[in-house]
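Structure record follows, encoded as structure tokens.
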2 protein chains.
Amino acid sequence: MPRDLFIDGVPELLLLRLLARKEMYGYELVSEISKRSNNVFTFGEGCIYPILHRLVSQKQLSVRKETVSGRPRRYYKLTAKGNHRLSELESSWSNVSAGVTSFGKALGNVAS
Amino acid sequence: MPRDLFIDGVPELLLLRLLARKEMYGYELVSEISKRSNNVFTFGEGCIYPILHRLVSQKQLSVRKETVSGRPRRYYKLTAKGNHRLSELESSWSNVSAGVTSFGKALGNVAS
DNA sequence: TTGACATACCTCGGACCTCAAGGCGTTATC
DNA sequence: GATAACGCCTTGAGGTCCGAGGTATGTCAA
């Protein structure tokens, strides 16, 4: 079974959107994305954690460690660089999204 | 430089949309997609041809060979299966597109 | 106290897609 | 006769998602 199309980049975008509002930890992000999207997007930990680590190494996120009721958490939030990256992604998404839509309309396509 | 995000699956979708209207050949599709999208999408031959071949092997496209002024062309068009696949992709695209948008709105996000 | 379950972190490997680069051959143009 | 346009093609690199699995602690019921 081929993997879902149109997903490339979406995890990173949603993640940055959430972290732009307030700091959150990985496990929280995984469930929050599912919840907030009404299970339209259900990205597992194997998807989220590697992105988190990459963004940190790219200085787009900063980390803060905290232990809550015996369990260690890692809170992430956006750096200035991450904020800029979010803007890029939003703009890129708008571009693609509008492009696909207008391409359809020009063809007389009825979006099902 | 990382490759463009949000593109996964878009070539296949646009391609199927075009071929749902009339048969076209590979080289034509490459330039037509650029043209119709005002260069928002510029997929090269190395992107289009493999997709074409895959769709044929999956019986979603049928091929007709024709030689025009000495040059051989391969015209592709949708099969019933391909039409069904297009519906799936449209629905999947709508889903993701609406999901990303509403996810943003719920956060008070201003789409830049 | 044993087991199951939720929390919370993590990595690895496969599968898949895009795309730049290159190759081949023909026709048209200068 | 050289260069561009046409028209087909494949390969390799790079990047992404995601299922599967691993580690460890806390809670709660049987």
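Every chain is numbered from 1 and lettered A, B, ... according to where its sequence line falls, protein lines coming before strand lines. We use all heavy atoms of the structure for the numbers below, so side chains are in, but hydrogens, waters and symmetry mates are not.
- Applying the side-chain contact (heavy atoms from CB on, under 4.5 Å) rule to A:Arg36 yields the partners A:Leu18, A:Glu32, B:Phe103, B:Leu107; only residues at least two apart in sequence or on another chain are considered.
- Legend: residues meeting salt bridge (charged side-chain N to carboxylate O under 4.0 Å, His left out) with B:Glu88, ordered by chain and number and at least two apart, are B:Arg85.
- Residue pairs that meet the ring-ring contact (aromatic ring centres under 6.0 Å, His included) test with at least one member in residues 67-86 of chain A, sequence neighbours left out, are A:Tyr25-A:Tyr75.
- With the nearest nucleotide of DNA chain C identified for both B:Ile7 and A:Glu28, A:Glu28 has the one nearer the 5' end.
- Heavy-atom distances under 4.0 Å link DNA chain C to A:Glu45, A:Gly46, A:Tyr49, A:His53 of residues 43-60 of chain A, given in residue order.
- Of the side-chain N and O atoms in B:Arg73, one or more sit less than 4.0 angstrom from OP1 or OP2 of D:dG7.
- Taking atom CZ on B:Arg74 and atom C1' on D:dC9, their separation rounds to 10 Å, with Å as the unit.
- Spacing between atom CZ of A:Phe6 and atom C1' of C:dT18 amounts to 14 Å, rounded to whole angstrom units.
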Name every donor-acceptor pair, under 3.5 Å, that has one atom in a side chain of residues 48-57 of chain B and the other anywhere in the protein, sequence neighbours excluded.
residue, atom, partner, partner atom, Å
B:Tyr49, OH, B:Tyr27, N, 3.4
B:His53, ND1, B:Tyr49, O, 3.3
B:Arg54, NH2, B:Glu12, OE1, 2.5
B:Arg54, NH2, B:Glu12, OE2, 3.3
B:Ser57, OG, B:Arg54, O, 2.8

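- When the P atom of D:dC18 is taken as reference, atom CD1 of A:Ile33 falls 11 Å away, rounded to whole Å.
- The separation between B:Leu5 atom CG and C:dT18 atom P is 13 Å, rounded to whole Å.
- Atom-to-atom, CG of A:Asp8 to C1' of C:dA15 comes out at 13 Å; the value is rounded to the nearest Å.
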N/O-N/O pairs, protein side and nucleotides 28-30 of chain C side, under 3.5 Å:
none

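- Under the rule for a side-chain contact (heavy atoms from CB on, under 4.5 Å), the partners of B:Lys59 that lie at least two apart in sequence or sit in another chain are B:Lys81.
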Mind running side chain to side chain contact (heavy atoms under 4.5 Å, CB included) on B:Leu29 and B:Leu19 for me, showing each step along the way? CA-CA 9 Å; B:Leu29 284 161; B:Leu19 294 179; 4.1 Å; yes

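- For the pair B:Glu66 CD and D:dG7 P, the computed distance is 11 Å after rounding to whole Å.
- Judged as a salt bridge (charged side-chain N to carboxylate O under 4.0 Å, His left out), and not counting sequence neighbours, the contacts of A:Arg17 are A:Glu90.
- Residues from residues 13-27 of chain A lying near DNA chain C, meaning a heavy-atom separation below 4.0 Å, are A:Tyr25, A:Gly26, A:Tyr27 in numerical order.
- Atom P of nucleotide D:dC6 and atom OH of B:Tyr75 are separated by 14 Å, given to the nearest angstrom.
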Run the side chain to side chain contact (heavy atoms under 4.5 Å, CB included) test on B:Val10 and A:Phe6 for me, step by step, so that the C-alpha distance in whole Å, both residues' side-chain angles and the decisive distance to 0.1 Å come before the verdict. CA-CA 7 Å; B:Val10 171; A:Phe6 311 123; 4.3 Å; yes

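- We find that CZ of B:Phe41 is positioned 10 Å from P of C:dC19, with the value rounded to whole Å.
- By the side-chain contact (heavy atoms from CB on, under 4.5 Å) test, B:Ser34 is found to be paired with B:Asn39, B:Thr42, residues two or more places apart in sequence or in another chain being considered.
- Residues meeting the salt bridge (charged side-chain N to carboxylate O under 4.0 Å, His left out) test with B:Glu23, sequence neighbours left out: B:Arg64.
- Residue-to-nucleotide proximity on DNA chain D shows that, of A:Gly70 and A:Glu12, the 5′-proximal contact is made by A:Glu12.
- Partners of B:Ala20 by side-chain contact (heavy atoms from CB on, under 4.5 Å), not counting sequence neighbours, listed by chain and number: B:Leu78, B:Leu86.
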